Amino acid sequence: KYWEQTNADIEGVLGGFGFTHDIDIADSAKLIARLKDDYQVQTGSVLECGAGIGRISHALLTKVYEQTDIMEPAANLMAKAKETLEGNSK
C-alpha cells in the first residue's frame, strides 16, 4: 500500500535521494562480470524483483543480460517502469 501511494518517479522511490550514482552502477557491473568470470554465472536472462520504476534494469541489467524481466507489485511503479523501458528490446 505504501508504494502505491508513492510518486512513480526517482524522487518517490528513493525517498528524496533522486539520483542513481554512476559508481553504484559501475560497481554492480563489475560484480556481475566477476561472477561471470569466476563462477560461470550466465548472463542469458535476469529477473529484477521489486523493480520499482525500472531504473536499475534501464541503467544496468538490459546492458549486461540478453533478456531482462521485471516484477513490481505496485501498479503505478510498474506502469512507470514500462515507460522507462519502452523501446528496449531486451
Side-chain angles (χ1 to χ4, degrees):
K1 189 140 185 135
Y2 171 82
W3 290 111
E4 291 173 357
Q5 298 172 357
T6 300
N7 289 339
D9 58 21
I10 198 150
E11 290 291 333
V13 297
L14 294 180
F17 297 99
F19 54 90
T20 302
H21 291 284
D22 292 338
I23 195 163
D24 290 338
I25 297 299
D27 282 350
S28 294
K30 287 178 189 176
L31 173 62
I32 293 168
R34 185 166 183 186
L35 291 171
K36 183 179 176 184
D37 292 344
D38 294 353
Y39 300 100
Q40 293 73 48
V41 170
Q42 302 298 307
T43 55
S45 63
V46 65
L47 171 64
E48 182 182 9
C49 298
I53 60 173
R55 63 190 179 86
I56 302 302
S57 285
H58 175 71
L60 174 64
L61 300 177
T62 58
K63 293 171 177 58
V64 175
Y65 291 89
E66 294 173 31
Q67 178 177 333
T68 301
D69 293 313
I70 62 172
M71 287 178 51
E72 174 51 56
N76 61 325
L77 301 182
M78 182 59 129
K80 183 63 175 180
K82 287 180 181 179
E83 182 182 311
T84 299
L85 296 167
E86 186 177 354
N88 190 311
S89 62
K90 293 184 177 185

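Source: prediction; values computed, not measured.
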Inset, instruction - Answer yes if I10 and Y2 sit in the same cluster of Ile, Leu, Val, Met, Phe, Trp and Tyr residues linked by side chain heavy atoms under 4.5 Å apart, and no otherwise. - result: yes
Using atom types as modelled and distance alone, determine if a side-chain donor or acceptor of [X] lies under 3.5 Å from a backbone N or O of [Y].
X: T68; Y: V46; value: no
X: E72; Y: G52; value: yes
X: Q42; Y: Q40; value: yes

Please tell me if the side chains of [X] and [Y] come closer than 4.5 Å, counting only heavy atoms from C-beta onward.
X: N7; Y: N76; answer: no
X: L31; Y: D27; answer: no
X: K82; Y: I70; answer: no
X: L60; Y: I32; answer: yes

With rounding to the nearest 0.5 angstrom, report the [atom1] to [atom2] distance, [X] to [Y].
X: L85; Y: K80; atom1: CG; atom2: NZ; answer: 11.0 Å
X: L61; Y: E48; atom1: CG; atom2: CD; answer: 5.5 Å
X: L47; Y: Q67; atom1: CG; atom2: CD; answer: 10.0 Å
X: S28; Y: I56; atom1: OG; atom2: CD1; answer: 7.0 Å

Just wondering, more than 12 heavy atoms not from [X] lying within 6.0 Å of its [atom1]?
X: Q5; atom1: CD; result: yes
X: D37; atom1: CG; result: yes
X: K63; atom1: NZ; result: yes

For residues [X] and [Y], report the shortest heavy-atom separation together with the two atoms involved.
X: A81; Y: G54; result: CB-N, 3.8 Å
X: I53; Y: D9; result: CD1-C, 3.6 Å
X: W3; Y: A74; result: CB-CB, 3.9 Å

